[in-house]
Number of protein chains: 2
Amino acid sequence: MPLLTSSEGKYLKAIYTLSSAGKESVSTNAIAAQMGTKAASVSDMLGKLAEKEMISYRKYYGVHLTEKGHKTALGILRKHRLWEVFLVDKLRFQWEEIPQIADELEQLDHPLLIQKLDEYLGYPKFDPYGDPIPDEFGDFQTKARVPLQDMPVDMTGKIAAVKDNTASFLRYLDKMGIYIGARMVVLEKVEFDGSLELMVDNQRKVFVSREVAANILVQPL
Amino acid sequence: MPLLTSSEGKYLKAIYTLSSAGKESVSTNAIAAQMGTKAASVSDMLGKLAEKEMISYRKYYGVHLTEKGHKTALGILRKHRLWEVFLVDKLRFQWEEIPQIADELEQLDHPLLIQKLDEYLGYPKFDPYGDPIPDEFGDFQTKARVPLQDMPVDMTGKIAAVKDNTASFLRYLDKMGIYIGARMVVLEKVEFDGSLELMVDNQRKVFVSREVAANILVQPL
DNA sequence: CAATTTTTTTAGTCATGCCTAAATATCTAT
DNA sequence: ATAGATATTTAGGCATGACTAAAAAAATTG
């Protein structure tokens with residue numbers, strides 16, 4: 001009876017995430033991997049989403065979000081990111097459980113709740129991971145962002161987001177004193193292995209590997 | 001896989017509500033009415049709850065909460081009422097949608113979330129309707145409360161809770177300037193029809209009928 | 001106290017969302 | 001171009017939580 005079940009919402013968000021990374025159509029297997037389900041389950045769900053005109057679906061050739069699906073996904077993303085701001089700014093959560101909790105909160109469907117939450121939070125434009133929060137019309141700001149890996153030596157920037165949200169990665173960053181919003185400058189790049197030496201907050205020297213640098217996005221200043 | 005599905009939680013809360021009103025065992029039909037489902041669905045669910053040892057269930061003779069079920073229900077009530085405080089104190093909700101939204105929020109199962117929410121709200125002891133919030137061990141304060149109807153003339157008190165949570169009743173109270181926490185004194189009781197004249201906040205004279213007075217609980221001061 | 005009414009339970013169905021196993025389509029490499 | 005590998009879909013099942021209709025137990029009442 002709801003426009004969208006909570007499961008359908010999760011699929012839609014997964015499809016959005018995958019299709020905004022690479023532009024082409026999204027494969028069944030990619031969705032299954034993202035969602036932690038099996039391909040057969042995905043096939044089932046794609047049928048349902050296609051019937052609700054959220055996706056265009058040609059069998060064996062993957063899916064695209066329709067305009068309607070895109071709007072809906074942005075609405076879910078908006079809720080997710082607003083709740084993340086709440087968890088961090090108000091409840092003082094550390095990284096760990098935030099995405100999971102927000103995954104559940106985002107499924108609540110009460111426009112007034114989200115409107116009041118947005119107001120209460122002061123209409124934030126970015127979530128704690130630096131990802132933009134769509135407004136109620138689905139518009140959001142994009143800011144230039146560079147993988148840390150691609151920053152030249154001496155360039156300064158602000159840590160804007162992480163690509164990998166696993167708990168272990170976030171814990172690692174915590175331990176290294178790397179957090180969203182931290183100012184940093186690249187001191188040296190080691191050509192041999194692609195690792196970097198950073199100065200964070202003008203006070204801490206930090207070494208990160210190429211793998212880590214690839215998962216950190218920086219907004220150049 | 002979860003200890004309790006969200007549906008089971010709703011049943012448990014309904015059983016708690018019904019059994020804390022009248023002490024005896026709760027009937028299948030009463031639960032069905034409370035939940036807006038059919039008796040057959042309730043019978044199904046009672047079987048499941050009995051297997052999880054949340055209730056003791058003798059066929060055809062209604063149910064009682066077990067110690068475990070009682071604790072669990074109090075945990076749900078705790079979450080429900082904390083979220084209600086959040087909705088009113090922080091998001092500035094008016095009465096209307098609060099119970100529905102809290103019904104959904106209460107099903108989230110993240111102990112840390114509730115702990116942090118509790119802290120953020122300043123460990124409130126009562127929800128916006130004046131109902132006590134159990135602590136993490138299930139203990140809660142009970143305060144003496146009297147139906148407004150039973151207050152003698154000249155007695156002062158604080159509006160503590162309403163028995164009827166329908167939107168129309170709450171709107172009516174709003175219009176009359178009656179709200180939880182308001183100080184009031186009974187000026188006059190009309191024997192003929194049981195209606196009362198109140199002085200609210202030391203500044204407004206308000207007339208209420210016997211029916212309305214029966215649905216307002218006052219904490220004498 | 002026996003017949004009728006009410007309440008509760010059982011039996012059978014349906015939709016959702018997941019799964020495994022099998023079938024089928026597409027892709028890749030020789 | 002076709003065999004083998006890979007990806008996707010179909011088919012059939014299972015659990016949850018609801019429903020209707022029918023059966024059975026309990027309560028009521030004349």
Side-chain angles (χ1 to χ4, degrees), chain A residues 1-15 18-19 22 24-65 69 72 76 100 103-104 106-109, chain B residues 1-15 18-19 22 24-65 69 72-73 76 103-104 106-109:
Chain A
M1 273 304 176
L3 184 65
L4 223 55
T5 67
S6 120
S7 216
E8 286 166 347
K10 286 174 192 163
Y11 274 95
L12 223 46
K13 202 182 63 164
I15 295 168
L18 293 168
S19 65
E24 331 88 46
S25 77
V26 178
S27 78
T28 301
N29 259 0
I31 298 170
Q34 174 86 13
M35 301 272 309
T37 62
K38 294 303 174 71
S41 310
V42 176
S43 278
D44 266 10
M45 184 55 85
L46 294 185
K48 290 172 198 164
L49 288 173
E51 248 176 52
K52 297 195 178 183
E53 299 183 316
M54 292 294 177
I55 58 172
S56 64
Y57 175 37
R58 205 179 124 222
K59 276 181 192 173
Y60 294 103
Y61 288 90
V63 295
H64 287 279
L65 290 178
T72 308
I76 296 170
Q100 287 149 263
D103 274 348
E104 302 185 36
E106 81 190 9
Q107 298 304 333
L108 298 188
D109 185 28
Chain B
M1 277 304 177
L3 184 66
L4 223 58
T5 67
S6 121
S7 217
E8 287 166 347
K10 286 174 193 164
Y11 274 95
L12 221 47
K13 202 181 66 166
I15 295 168
L18 293 168
S19 65
E24 330 90 45
S25 76
V26 179
S27 77
T28 300
N29 259 0
I31 298 170
Q34 174 88 10
M35 302 271 309
T37 64
K38 295 301 175 72
S41 311
V42 175
S43 278
D44 266 11
M45 183 57 83
L46 294 185
K48 290 172 198 164
L49 288 173
E51 248 175 51
K52 298 197 179 185
E53 300 182 316
M54 292 294 177
I55 57 173
S56 64
Y57 175 38
R58 203 178 126 222
K59 278 182 193 173
Y60 294 103
Y61 287 90
V63 295
H64 286 279
L65 289 179
T72 308
I76 295 170
D103 274 349
E104 302 186 35
E106 83 190 9
Q107 298 303 333
L108 297 188
D109 184 28

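The shown structure was predicted, so the numbers you read here are calculated from the model rather than taken from an experiment. Here is the naming used below: chain letters follow the sequence lines, and residue numbers restart at 1 for every chain.
Residues passing the side-chain contact (heavy atoms from CB on, under 4.5 Å) test with B/Ser7, sequence neighbours excluded: B/Thr5, B/Tyr11, B/Met45. Partners of A/Asp109 under the salt bridge (Lys or Arg N to Asp or Glu O under 4.0 Å) rule, at least two apart in sequence or in another chain, do not exist in this structure. Annotation: salt bridge (Lys or Arg N to Asp or Glu O under 4.0 Å) contacts of A/Glu8 (sequence neighbours excluded): A/Lys52. With sequence neighbours excluded, no residue forms a side-chain contact (heavy atoms from CB on, under 4.5 Å) with B/Ala40. Looking at residues two or more places apart in sequence or on another chain, you find a side-chain contact (heavy atoms from CB on, under 4.5 Å) between B/Ala50 and B/Ile55, B/Tyr57. Applying the salt bridge (Lys or Arg N to Asp or Glu O under 4.0 Å) rule to A/Asp44 yields no partners; only residues at least two apart in sequence or on another chain are considered. Considering only residues two or more places apart in sequence or on other chains, B/Glu104 meets the side chain to side chain donor-acceptor pair (under 3.5 Å) condition with A/His110.
Between B/Met54 and B/Lys48, the closest side-chain pair of non-hydrogen atoms is not below 4.5 Å.
A donor-acceptor pair is defined here as one N or O able to donate and one able to accept, closer than 3.5 Å; such a pair exists between the side chain of A/Ser25 and the backbone of A/Tyr61.
When the nearest nucleotides of DNA chain C are assigned to A/Lys59 and B/Ala30 by heavy-atom distance, the more 5′-ward of the two goes with B/Ala30.
Summarising the geometry, the separation between CG on B/Leu4 and P on D/dA15 is reported as 19 Å, rounded to the nearest angstrom. If you take CZ of A/Arg58 and P of D/dT9, they are 11 Å apart, rounded to a whole angstrom.
The only option from B/Ile31, B/Val42, B/Thr28 that meets the side-chain contact (heavy atoms from CB on, under 4.5 Å) definition with B/Val63 turns out to be B/Ile31. Between B/Leu65 and the choices B/Leu49, B/Val26, B/Ile15, the side-chain contact (heavy atoms from CB on, under 4.5 Å) rule is met once, by B/Ile15.
Rounded to the nearest 0.5 angstrom, B/Thr72 OG1 and B/Glu53 CD are separated by 11.0 Å.
Under a 4.0 Å N-O distance rule, the pair B/Lys13/B/Asp103 qualifies as a salt bridge.
Once you apply a 4.0 Å limit to the heavy atoms of chain B, the touched nucleotides of DNA chain C run 5' to 3' over C/dT7 to C/dT10.
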inquiry  = Using a 4.0 Å heavy-atom cut-off to protein, can you give one letter per nucleotide of nucleotides 1-7 of chain D, 5' to 3': B if the base is in contact, S if only the sugar-phosphate is, - if neither?
reply    = ------S
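For the contact set between residues 44-56 of chain B and DNA chain C, defined by any heavy atom under 4.0 Å, there are no members. Contacts with DNA chain C (heavy atom under 4.0 Å) in residues 35-43 of chain B: B/Ala39, B/Ala40, B/Ser43, listed by number.
The two atoms that bring B/Gln34 and B/Ala14 nearest to each other are CG-CB, 3.6 Å, heavy atoms only. Here the shortest heavy-atom pairing between B/Ala39 and B/Ala32 reads N-CB, 3.8 Å.
Across its full length, the helix from C/dC1-D/dG30 to C/dT30-D/dA1 shows an angle of 10° between the axes of its 5 terminal pairs at either end, rounded to 10 degrees.
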